[in-house]
Undergrad: 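Pasting a structure below so you can have a look.
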Amino acid sequence: MRAGHYENRAKSVDIMIRGSRAVIEDLVDCGVDFEKKDGRFVYTREGAHSQPRILFHEDETGKEITSKLLWQVRQLPNVTILEHTTMTDLVVRQGRCQGVRAARNGQGISILAENTILATGGIGGLYEHSTNYPHLTGDSLRLAKKYGVRLDHLDYVQIHPTVLFSEKPGRRFLLSESLRGEGALLYNNAGQRFVDELKPRDVVTQAIQAEMKREGAKHVWLSLKDIDTETLHHHFPNICARCREDGYDVDHEWIPVVPAQHYFMGGIWVDSDSHTTMDGLYAVGETSCNGVHGANRLASNSLLESLVFAKRAAGCIAGEMVVERAVSL
């Protein structure tokens, strides 16, 4: 709540907290391999956390979760995955969503359903510098606006303090908040510390931007030298590898970092069951705005929030008869 500037929806925060353990148990049952030591979960700490509270898998927790869930989904006989398919419109009849229109292999199709869930991610593809993939361009928000579905807090855009600085175009590589939670320090170009690295993201971002402006610099520096070597290479192997690819020795050199667009706290307004203001239409993940994050997302809460409220949407829908079919237009 403090990180979100107390603009969070308190009921949603409570739901997320109370739903977290069941979601973790679901993920473990699906094969997600969270870090353990002597058979017990290992927790890490990130910016603005008062104590270690985050489960993780190396430095690719999101990839570990999505890959294991996707594998489980592919085993289900009643699920059809359509790849290389682009949503172009909603199917709306008498004010109720009855599916989506899409383009696939040059052909228009309608995918009809009693209930439809929008989960198209955030808006990072609209920005020049972002940690998001370029295809995440807010398609669901555009369609929601078209049909008068309520949107909320479109101005709540989070900038991540530390991505690997590069002159090259394209997606920026994220240097996880966990690095600072484990002891990484920020320095300006004069070699001076200028901010408490464990403050909330917006505070650290503003401090970096102010320091860059004051120095007339394109970036500041992140030092990983105070992180135990074994922890650094075991917990963050992919970050270490990427830095090496870009010519930086994480054990002996500082890494150039700069803020970049990272997360969207606004989106399509949803209630506690992830239902939008249109009958038959749900939204989850970064596409939705259930109020958990307030004006500034606390580190790592995006994965937990997405899972908890997606599960609530599924539970709500499971109480209804779902009929799905795809037909050519």
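In this chain, numbering begins with 1 at the start of the sequence shown.
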Undergrad: Looking only at side chains, do Ser12 and Asp14 share a donor and an acceptor under 3.5 Å apart?
TA: no
Undergrad: Going by side chain to side chain donor-acceptor pair (under 3.5 Å), Glu177 matches just one of His49, Arg45, Arg201. Which one?
TA: Arg201
Undergrad: Show the nearest heavy-atom pair for residues Leu298 and Ala3, with the distance to one decimal.
TA: CD1-CB, 3.8 Å
Undergrad: Do Asp251 and His233 have side-chain atoms, one donor and one acceptor, less than 3.5 Å apart?
TA: yes
Undergrad: Do the side chains of Phe56 and Val42 get nearer than 4.5 Å, heavy atoms only?
TA: yes
Undergrad: Is Lys68 salt-bridged to Glu64, going by a charged N under 4.0 Å from an acidic O?
TA: yes
Undergrad: Is it true that, when you exclude Glu230 itself, more than 12 heavy atoms of the residues, nucleotides or ligands shown sit nearer than 6.0 Å to its CD?
TA: no
Undergrad: Please evaluate residues Leu118 and Ile268 with respect to the criterion side-chain contact (heavy atoms from CB on, under 4.5 Å), reporting the C-alpha separation (whole Å), side-chain torsions for both, the decisive distance (0.1 Å), and the verdict.
TA: CA-CA 9 Å; Leu118 298 175; Ile268 300 174; 3.8 Å; yes
Undergrad: Kindly say whether Ala184 contributes a backbone atom to a donor-acceptor pair with the side chain of Arg180 at under 3.5 angstrom?
TA: no
Undergrad: Looking at Gln158 and Arg297, would you say the former's side chain and the latter's main chain have a donor-acceptor pair under 3.5 Å?
TA: yes
Undergrad: Taking Leu222 as the starting point, is it possible to reach Ile227 by hopping between hydrophobic residues whose side chains are less than 4.5 Å apart?
TA: yes
Undergrad: Give a yes or no on whether the backbone of Val257 and the side-chain of Thr162 come within a donor-acceptor separation of less than 3.5 Å.
TA: no
Undergrad: Is the number of heavy atoms from other residues, nucleotides or ligands under 6.0 Å of Lys11 NZ greater than 12?
TA: no
Undergrad: Report yes if some heavy atom in the side chain of Leu143 is under 4.5 Å from a heavy atom in the side chain of Asp89; otherwise report no.
TA: yes
Undergrad: Go through the steps to decide whether Gln98 and Val92 satisfy the test side-chain contact (heavy atoms from CB on, under 4.5 Å), and finish with yes or no.
TA: CA-CA 6 Å; Gln98 296 190 357; Val92 179; over 6 Å; no
Undergrad: Could you tell me the separation between the CG atom of Asp155 and the CZ atom of Phe264, rounded to the nearest 0.5 Å?
TA: 8.5 Å
Undergrad: Do you reckon Leu303 sits in the same ILVMFWY cluster as Leu27, going by side-chain contacts under 4.5 Å, direct or chained?
TA: yes
Undergrad: Which pair of heavy atoms, one from Thr44 and one from Ser178, lies closest together, and at what distance?
TA: CG2-OG, 3.9 Å
Undergrad: Set out, in order, the CA-CA distance, both residues' side-chain angles and the distance that settles side-chain contact (heavy atoms from CB on, under 4.5 Å) for Ile159 and Asp202, then state yes or no.
TA: CA-CA 7 Å; Ile159 309 299; Asp202 57 338; over 6 Å; no
Undergrad: Provide the closest heavy-atom pair for Cys30 versus Gln72 in the form atom of the first, atom of the second, distance.
TA: O-NE2, 3.2 Å
Undergrad: Counting N and O atoms only, with roles assigned by atom type, does the side chain of Asn296 sit under 3.5 Å from a partner on the main chain of Gly4, one being a donor and the other an acceptor?
TA: no
Undergrad: With a 3.5 Å distance limit and no angle check, can you tell me whether Arg193 reaches the backbone of Asn188 through a side-chain donor-acceptor pair?
TA: no
Undergrad: Is any side-chain heavy atom of Arg104 closer than 4.5 Å to a side-chain heavy atom of Gln107?
TA: no
Undergrad: Would you check if Ile239 and Phe173 make a side-chain contact, meaning some heavy-atom pair closer than 4.5 Å?
TA: yes
Undergrad: Just by distance, do the side chain of Glu197 and the backbone of Leu186 share a donor-acceptor pair under 3.5 Å?
TA: yes
Undergrad: Can you list the residues that meet the side chain to side chain contact (heavy atoms under 4.5 Å, CB included) rule with Ile17, with sequence neighbours excluded?
TA: Val13
Undergrad: Do Glu182 and His235 make a side-chain contact, defined as non-hydrogen atoms from C-beta onward lying under 4.5 Å apart?
TA: yes
Undergrad: Taking atom OH of Tyr147 and atom SG of Cys97, what is their separation to the nearest 0.5 Å?
TA: 9.0 Å
Undergrad: Roughly how far apart are Arg142 CZ and Thr137 OG1, rounded to 0.5 Å?
TA: 8.0 Å
Undergrad: With clusters defined by side-chain heavy atoms of hydrophobic residues (ILVMFWY) lying less than 4.5 Å apart, directly or transitively, does Leu141 cluster with Val157?
TA: yes
Undergrad: Kindly compute the distance separating CD1 (Ile255) from NE2 (His219), expressed to the nearest 0.5 Å.
TA: 11.0 Å
Undergrad: Compare every heavy atom of Cys289 with every heavy atom of Met265, then report the nearest pair and how far apart it is.
TA: O-SG, 3.5 Å
Undergrad: Below 4.5 Å, heavy atoms only, C-beta onward: do Trp254 and Lys225 meet side chain to side chain?
TA: yes
Undergrad: Verify the neighbour count for atom OH of Tyr133: are there more than 12 heavy atoms of other residues, nucleotides or ligands below 6.0 Å?
TA: no
Undergrad: Name every donor-acceptor pair, under 3.5 Å, that has one atom in a side chain of residues 304-317 and the other anywhere in the protein, sequence neighbours excluded.
TA:
unit_1 : atom_1 : unit_2 : atom_2 : d
Glu305 : OE1    : Tyr263 : OH     : 3.4
Glu305 : OE1    : His293 : NE2    : 2.8
Glu305 : OE2    : Asn290 : ND2    : 2.9
Ser306 : OG     : Ser302 : O      : 2.9
Lys311 : NZ     : Asp26  : OD2    : 2.7
Arg312 : NE     : Ser272 : O      : 2.6
Arg312 : NH2    : Asp273 : OD1    : 3.4

Undergrad: Find out whether Trp221 and Asn189 are in side-chain contact, i.e. whether some heavy atom of one side chain is under 4.5 Å from a heavy atom of the other.
TA: yes
Undergrad: Quick one: OG on Ser176 to CD on Glu60, what's the gap to the nearest 0.5 Å?
TA: 11.0 Å
Undergrad: Hey, does Leu151 have a side-chain heavy atom less than 4.5 Å from the side chain of Leu154?
TA: yes
Undergrad: Given side-chain contact (heavy atoms from CB on, under 4.5 Å), test Tyr6 with Arg2 step by step and report yes or no.
TA: CA-CA 6 Å; Tyr6 297 97; Arg2 185 169 63 250; 3.7 Å; yes
Undergrad: Using the salt bridge (Lys or Arg N to Asp or Glu O under 4.0 Å) rule, take Glu167 and Lys218 through it: C-alpha gap first, then chi angles, then the decisive distance, then the call.
TA: CA-CA 10 Å; Glu167 300 279 8; Lys218 292 184 176 181; 3.2 Å; yes
Undergrad: Can a donor-acceptor pair be found, under 3.5 Å and without considering hydrogens, that links the side chain of Asp249 to the backbone of Glu253?
TA: no
Undergrad: Under 6.0 Å between ring centres, would you say that holds for Phe34 and His57?
TA: no
Undergrad: Tell me the side chain to side chain donor-acceptor pair (under 3.5 Å) pairs involving residues 28-38, sequence neighbours left out?
TA: Glu35-His234
Undergrad: Examine the side chains of Thr287 and Ser140 and answer whether a donor and an acceptor come within less than 3.5 Å of each other.
TA: no
Undergrad: Okay, side chain of Asn8, backbone of Val292: is any donor-acceptor separation there less than 3.5 Å?
TA: yes
Undergrad: Quiz question: by atom type and distance under 3.5 Å, do the side chains of His160 and Thr131 form a donor-acceptor pair?
TA: no
Undergrad: I'd like to know if the side chain of Thr85 and the backbone of Glu83 have a donor-acceptor N/O pair within less than 3.5 Å.
TA: yes
Undergrad: Using the rule that two of Ile, Leu, Val, Met, Phe, Trp, Tyr join whenever any of their side-chain heavy atoms come within less than 4.5 Å, decide whether Leu179 and Leu164 are in one cluster.
TA: yes
Undergrad: Taking Ser130 for its side chain and Gly125 for its backbone only, find out whether a donor-acceptor pair lies under 3.5 Å.
TA: no
Undergrad: Which atom pair, heavy atoms only, marks the closest approach of Thr276 to Ala283?
TA: CG2-N, 3.9 Å
Undergrad: Is there a donor-acceptor contact under 3.5 Å linking the side chains of Ser110 and Arg101?
TA: yes
Undergrad: Does Leu82 belong to the same Ile/Leu/Val/Met/Phe/Trp/Tyr cluster as Val100, with side-chain heavy atoms less than 4.5 Å apart forming each link?
TA: yes
Undergrad: Do you know which two heavy atoms are closest between Cys243 and Leu175, and how far apart they sit?
TA: SG-CD2, 4.2 Å
Undergrad: Just how far is it from atom CZ of Arg242 to atom CG of Asp59, taken to the nearest 0.5 Å?
TA: 12.0 Å
